[in-house]
Amino acid sequence: MNHQSNNLVVLGAGWLGSALCVNAQQAGWQVQGTHRSAVHEHDFERQFLLENGQLTHQIDLQNAYWVYAIPPRSRHSESNYAQTLTAALTLAKKLNAKGFLLCSSTGVYDQEPGVYSESSDISCTNERQIKLYEAEEQVLEQNGKVLRLAGLVGPNREPGRFIAGKELNTSAEQVVNMVHQQDVINAIFAVLEHWHQGQSIYNVVNPAHPCKRDYYAQKCQQHGGEMPRFTGADTAERKVLGSAIEALGFSYQYAI
């Protein structure tokens, strides 16, 4: 693919979205990444703000791929996640978007023990599942695509720091479903570069699934943190598979 001819709009230039913007710029893409604020630190930043049903934005890239990287739990979208997504889809269509990719979450799958893939049934038994599933359906109905991301790790998001000393409502025997920031970014590019091939939904989950006791013991030791306390007793595994996307030529390169 000739990157020089490609445009990219990233809705939500936060921890993941900003790194995606930088990677795209380095590859020669024309990039616009959004924040709520009209004050910007980077040349790619643009405002995208939905308040009281009114959209204020500075996006003007025609014929771009759009990546929606606003997490549903962020302050930006806690109360109007669906409305913000609808506004983004409408604007993307107006600007002749080449494709619209939603960064969803493996949290859309049931929390019951089992092995989950893209074809697994989703029960929608809790509010978070419903919010994620409805967002995915909204995008798929517009011929968009969905990436279901596992727990994110990477620069300034180190598990040994953010869980140190905490009480976790889970079993130490449960396995982790995690993925590194750079692998997610590479997965996004893989989907964009093969937009007219493959599946509409992909999981992005590192193939390593150590148990939480071993994983967090290693991370806390690396960063001098206190081990978390596990209060759950369930030993059955909940594992999400992320291998399907490898059919696009993508491979996981970064340790979790």
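Residues: numbered from 1 along the sequence shown.
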Worked verdict on Q47 versus H35 for side chain to side chain contact (heavy atoms under 4.5 Å, CB included):
CA-CA 5 Å; Q47 187 176 31; H35 283 285; over 6 Å; no
Between Q253 and S251, do the side chains contain an N or O donor and an N or O acceptor separated by less than 3.5 Å?
yes
Do C103 and V67 make a side-chain contact, defined as non-hydrogen atoms from C-beta onward lying under 4.5 Å apart?
yes
For S123 and D110, which I'm curious about, is there any donor-acceptor pair between the side chains at under 3.5 Å?
yes
Do L95 and L85 share a hydrophobic cluster, counting only Ile, Leu, Val, Met, Phe, Trp and Tyr and linking them when any side-chain heavy atoms are less than 4.5 Å apart?
yes
L152 CG to Q181 CD distance, which is reported to the nearest 0.5 Å
8.0 Å
Checking D214 against Q218: is there a side-chain donor and acceptor pair closer than 3.5 Å?
no
Once rounded to the nearest 0.5 Å, what's the spacing between atom OG of S117 and atom NZ of K239?
13.0 Å
Just do the side chain to side chain contact (heavy atoms under 4.5 Å, CB included) check on F189 and W29 with the steps written out, would you?
CA-CA 11 Å; F189 282 122; W29 293 57; 4.0 Å; yes
Test of understanding: clusters of I, L, V, M, F, W, Y form through side-chain heavy atoms closer than 4.5 Å, transitively. Do L91 and L11 belong to the same one?
yes
Considering only heavy atoms from C-beta outward, does the side chain of V175 approach that of P210 to under 4.5 Å?
no
Can you tell me if Q197 has over 12 outside heavy atoms packed within less than 6.0 Å of its CD?
yes
What pair of heavy atoms forms the shortest contact from F44 to A13, and how long is it?
CE1-CB, 4.3 Å
Audit row: I188, L101, side chain to side chain contact (heavy atoms under 4.5 Å, CB included) steps and yes/no:
CA-CA 8 Å; I188 289 170; L101 178 63; 3.8 Å; yes
Remaining members of hydrophobic cluster (4.5 Å side-chain criterion), L132:
V108, Y109, Y116, I122, Y133, V205, V240
I'd like to check I163 versus C220 (side-chain heavy atoms, cut-off strictly below 4.5 Å). Are they in contact?
yes
Within this structure, what is the CG-CG distance for the pair L8 and L20, rounded to the nearest 0.5 Å?
5.5 Å
Determine the minimum heavy-atom distance between Q58 and Q32, stating which atoms define it.
O-OE1, 4.1 Å
How about M178 and N206: do any of their side-chain heavy atoms sit closer than 4.5 Å?
no
Side-chain donor-acceptor contact under 3.5 Å, N126 with Q111:
no
Closest approach of A244 to E118 (non-hydrogen atoms, all atoms of both residues):
CB-OE2, 3.5 Å
Between the side chain of Q221 and the main-chain N/O of A217, is any donor-acceptor distance below 3.5 Å?
no
Looking at every heavy atom in both N177 and A150, which two are closest together, and how far apart are they?
O-CB, 3.3 Å
Residue pairs meeting ring-ring contact (aromatic ring centres under 6.0 Å, His included), one or both in residues 200-248, sequence neighbours left out, come to none
Within-4.5 Å side-chain heavy-atom neighbours: T231 and L168:
no
Any side-chain donor-acceptor pair under 3.5 Å between N7 and Q30?
no
Side chains of Q83 and L50: closer than 4.5 Å at any heavy-atom pair?
yes
Does a side-chain heavy-atom distance below 4.5 Å link E246 with Y252?
yes
Residue pairs, two or more places apart or on separate chains, that pass salt bridge (Lys or Arg N to Asp or Glu O under 4.0 Å) and touch residues 81-90:
none
Under a 3.5 Å distance rule, please check whether S18 uses its side chain to pair with a backbone N or O of W15 as donor and acceptor.
no
Report yes or no: do E136 and S104 form a side-chain donor-acceptor pair below 3.5 Å?
yes
What's the spacing between E51 CD and L49 CG if we round to 0.5 Å?
4.0 Å
Distance only, no hydrogens: is a donor on one side chain within 3.5 Å (strictly under) of an acceptor on the other, for Q182 and N23?
yes
Could you check whether K145 makes a cation-pi contact with W195, meaning its NZ or CZ is under 6.0 Å from the centre of the six-membered ring and within 45° of the ring axis?
yes
Does the side chain of N6 pick up a donor-acceptor pair with the side chain of K98 at under 3.5 Å?
yes
Could you tell me whether the side chain of R46 and the main chain of D43 form a donor-acceptor pair under 3.5 Å?
yes
Taking all non-hydrogen atoms of both residues into account, name the closest pair between K219 and P159 and its distance.
CG-CB, 4.2 Å
Pairwise distance CD1(I59) to NZ(K94) - rounded to 0.5 angstrom
11.5 Å
Is D183 reaching over with its side chain to a backbone N or O of Y254, donor-acceptor style, under 3.5 angstrom?
yes
Please indicate whether D121 has more than 12 foreign heavy atoms, meaning atoms of other residues, nucleotides or ligands, lying under 6.0 Å from its CG.
no
Decide whether K212 and S171 meet the rule of one side-chain donor and one side-chain acceptor closer than 3.5 Å.
no
Hey, quick one: are L61 and F100 part of the same hydrophobic cluster, counting side-chain heavy atoms closer than 4.5 Å, chains of contacts allowed?
yes
Please report the C-alpha distance between V191 and L147 in whole Å, then the side-chain angles of each, then the deciding distance to 0.1 Å, and finally whether the side chain to side chain contact (heavy atoms under 4.5 Å, CB included) criterion is met.
CA-CA 9 Å; V191 172; L147 291 185; 3.9 Å; yes
CD (E158) and CG (N156) are apart, to the nearest 0.5 Å, by 10.5 Å
Between G33 and C21 the two heavy atoms that sit nearest each other are CA-SG, 3.8 Å
Main chain of A82, side chain of E134: is a donor-acceptor contact present, judged purely on distance under 3.5 Å?
no
Within the distance-only criterion (no hydrogens, no angle test), does the side chain of T170 pair as donor or acceptor with the backbone N or O of G232 below 3.5 angstrom?
no
Within the structure provided, determine whether K166 and R229 are in side-chain contact (heavy-atom separation under 4.5 Å).
no
Specify whether Y68 and Y81 have parallel, tilted or perpendicular ring planes, treating 30° as the upper limit for parallel and 60° as the lower limit for perpendicular.
perpendicular
With the 4.5 Å side-chain cut-off for hydrophobic clustering, are L241 and V204 part of the same group?
no
Keeping the roles fixed (side chain from Q199, backbone from I201), state whether a donor-acceptor pair exists under 3.5 Å.
yes
